[in-house]
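Notes to accompany the following structure.
Every number for a ligand or one of its atoms is a count from 1 in the order of the listing.
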Amino acid sequence: MPSSARRLRRLTATAAATALAAAGLAAAGTAAAPPAAALDNGLARTPPMGYNDWNALGCGSSFNESTMKQIADIIVDKGLAADGYRYVNLDDCWAETQRNADGKLVPDPNRFPDGISGMADYVHAKGLKLGIYTSAGTHTCNPNGFPGALGHEQSDADQFASWGVDYLKYDNCNNQGVDAVQRYTAMRDALAATGRPIVYSLCEWGQNKPWLWAKDVGNLWRTTGDISDNWASMLSRFESNVQLAQYAGPGHWNDPDMLEVGNGGMTDTEYRSHFSLWSIMASPLLIGTDLRKASQATLDILGNKDVIAVDQDRLGRQGTVLKDGTADGSWVIVKPMADGSRAVALFNSSSTPRSIGTSAAAAGLPARGGYTLRDLWQHKDYSTAGAVRATVPAHGTVMYRVSADPHWASHPPAVAGGTTGSPLVPVGGTGPLGFTATDLGRTPAREVRVSATVSASGWALKPNGPTAAKELTTGQALGTHWTLTPAPGGTSGDTATVTWTLSYRAPDGTPVSSSLDEAVQLVQPPPSGDSYVSDLPFVSATNDWGPVERDTSNGEAAAGDGHTITVDGTKFTKGLGTNAPSDVQIYTGGRCTRLTAQVGVDDEVTQGGSVTFEVHADGAKVYDSGLRLLHQPPVAVSADVTGAQVVDLVVTDGGDGPDYDHADWGDAVVHCE
Ligand code: GLA
């Protein structure tokens, strides 16, 4: 599974470093000359789409011929093949651990009784293609020790071709410190020599900046370490990969790793963001869930034709950042499309709803009186006078295709509905909530109405004024105000969902309605005096590997798998154990003045570990530790949080990905009046 693969990678990296040092060589890839010949295999003119078993099945016993055949069946039967999903890729663990007497690879007869050629025949008969996996090292990444192709490139490539393989994922484990360009180029040439068209996927985790050299080597290259099925992991892979737009194009793509959609570690809202972001980044779309168990919601996400069309657009441009949301969570990504339109993703990486917007002009469209705005998750067309704006739920993405289209007036005007007021309601109090509707169209919106319901029993929601307007013209807004009263006897941490519904009519009478869920939460400020943060409820907590731990370090997987917090020999019995990137938010309700802690990388990691610790008060950074490395002594944090409603304890990955980033907030205490 991903975490064990990563632990192994640590060993691998150590072994490789030792081998390099012994040989007196520079780090892999650093001194490489550019590859001599071009890849030129004519494949992957749009990002590859298909299936890979690893994220769902790993090396478990259910990874076998029968499962993979069932998955191939489902890909065809559920219409995913028709949507473009074509490659059925076998990841690690398909082989016997030993080559045969002739040095040839042997498929595991228990898992694949008909061999890889039998598997290839099966998927080919269904109109699909087969992919396989090995490593540019002596062994693959799995600790069972499956053979890798280093030094066997031509023989292994010949076997793959003879079996009917159409795609190779070539990993980086056990690489013996041999230069990366040399290793990956050797397999490119071996594949070319087979004469069979084989899509070539480099998987060296971005370690040697493959975007700078792999255009002539492979059809795609991983830009990051392994994804895992959680929000922080997905977000950090997006944040790295989105910066690399200039290197992608037909035949050569950035690969931020396979999809986790459907695996259960994120909400459907988060999976829709994952799918939207991968598509606007022109990433390979490799389904990574067990399709035999996939819900209809999962199939609907994976089968969204409007979003797939963005990924698969033949112009082949990766979307670029129009607004960077690293600081405030509001991202705008724009992708030019072959027909001249623009795909626009309004992505909210923060944990509260955000109004996010841009304009048709900023997205690169010519000046026009109006534009067509297609909502790619609602599958509906609207018109806009130019504004492209929406209130995006926490961790959500609104995705549009915006066209300078002469028929814009035939669509209803877009009316942006947005929440105002705080979703955090103090225990014993009431919450002022609000919802504003703004006409973005060139034409008027008529009979505009806002209504709202609250899901949890005993809670009440009442308007404090008008909730309807006869007509809104371009740019005009209807602001509505409401009082939310929680159920009596509620305690801190109780939650409810407010559903806002906006309805109106287009000038020709066509009714339009949409709804937006807002999560609300009961909160209580800490008592006066000092409180350990680890004893307080969290408003939200995100973490790259496993959950944030209270009073232990972070063990990367299940809750409670950490150890005593230890930074350069100093032990702490209280504190938070995180793995960067991480964000823990607490409610301070304007009653607290200072946050203190002793921070650093936990001694339990064997190498690496580079993070920065930040404290944010109501979204503004009030403390930054600078880069902290393994075996540096704890640093004393003292952050002024006077008057803040919420305080965030943030750890970034130091810009080099999340591996080994066990970041501790020893003795984290908040002082309140
Ligand atoms: C590495 C790769 C993963 C997966 C595993 C298999 O970790 O990056 O995508 O292929 O190996 O062991």
Side-chain angles (χ1 to χ4, degrees), residues 1-16 28 48 50-64 68 87-97 105 108 111 131-150 160 165 167-175 180 183-184 187 199-208 210 214 218 220-230 233-234 236-237 240-241 253-261 263 278 283-289 544-545 556-557 608 657-660:
M1 299 305 291
S3 64
S4 62
R6 192 166 70 127
R7 289 202 184 90
L8 179 80
R9 174 155 327 139
R10 294 177 182 172
L11 300 176
T12 306
T14 311
Y51 184 87
N52 178 297
D53 60 275
W54 182 253
N55 286 348
L57 308 177
C59 209
S61 58
S62 60
F63 171 53
N64 58 41
M68 296 308 291
Y87 291 94
V88 177
N89 294 351
L90 312 179
D91 209 281
D92 204 353
C93 307
W94 58 268
E96 288 267 65
T97 53
L105 296 165
D108 179 339
R111 291 188 196 265
I132 205 159
Y133 162 99
T134 187
S135 182
T138 50
H139 294 91
T140 69
C141 294
N142 185 273
N144 290 330
F146 302 108
L150 189 64
F160 298 151
V165 164
Y167 183 116
L168 173 66
K169 170 177 168 183
Y170 202 34
D171 212 335
N172 195 30
C173 284
N174 302 298
N175 60 47
R183 286 180 293 121
Y184 285 94
M187 183 55 88
V199 171
Y200 184 30
S201 157
L202 275 55
C203 177
E204 59 76 84
W205 322 309
Q207 284 192 344
N208 305 280
L220 58 157
W221 50 80
R222 281 271 297 275
T223 56
T224 69
D226 289 6
I227 195 169
S228 57
D229 182 25
N230 69 70
S233 174
M234 188 280 290
S236 83
R237 272 118 200 109
S240 305
N241 194 75
W253 309 100
N254 292 311
D255 173 7
D257 206 357
M258 303 168 293
L259 298 170
E260 293 282 7
V261 175
N263 284 335
W278 262 233
S283 306
L285 297 179
L286 294 169
I287 297 170
T289 194
D544 194 87
W545 288 82
E556 294 192 5
D659 280 4
Y660 320 109

- Atoms in ligand 1 flagged as close to Cys203, the criterion being non-hydrogen separation under 4.0 Å: 2 (C), 8 (O)

- For ligand 1, does Cys173 get within less than 4.0 Å through its side chain, its backbone, both, or neither, judged by non-hydrogen atoms? neither

- Message: Measuring from atom 9 (O) of ligand 1, which candidate in Lys169, Glu204, Met258 has the nearest non-hydrogen atom?
- Response: Lys169

- Query: Does some side-chain heavy atom of Tyr167 sit less than 4.5 Å from a side-chain heavy atom of Asn52?
  - Reply: no

- Task: Check each atom of ligand 1 against the heavy atoms of Arg222 and keep those under 4.0 Å away; list them by number with element.
- Result: 8 (O), 9 (O)

- Can you tell which of Arg222, Lys169, Arg237 makes a salt bridge (charged side-chain N to carboxylate O under 4.0 Å, His left out) with Asp257? Arg222

- Does the N or O separation between Asp226 and ligand 1 drop below 3.5 Å for any pair? yes

- Query: For the atom pair CZ (Phe63) and CG (Asp91), what is the distance rounded to the nearest 0.5 Å?
  - Reply: 7.0 Å

- Atoms of ligand 1, numbered as shown, that sit under 4.0 Å from any heavy atom of Asp91: 4 (C), 6 (C), 10 (O)

- Query: Roughly how far apart are Asp544 CG and Ile227 CD1, rounded to 0.5 Å?
  - Reply: 9.5 Å

- Message: Working note: Ser228 + Asn230, criterion side chain to side chain donor-acceptor pair (under 3.5 Å); need CA distance, chi angles, decisive distance, verdict.
- Response: CA-CA 6 Å; Ser228 57; Asn230 69 70; 3.2 Å; yes

- Quick one: does Thr140 get within less than 4.0 Å of ligand 1, heavy atoms only? no

- Message: For Ala214 versus Leu202, what's the shortest heavy-atom pair and its separation?
- Response: CB-CD2, 3.7 Å

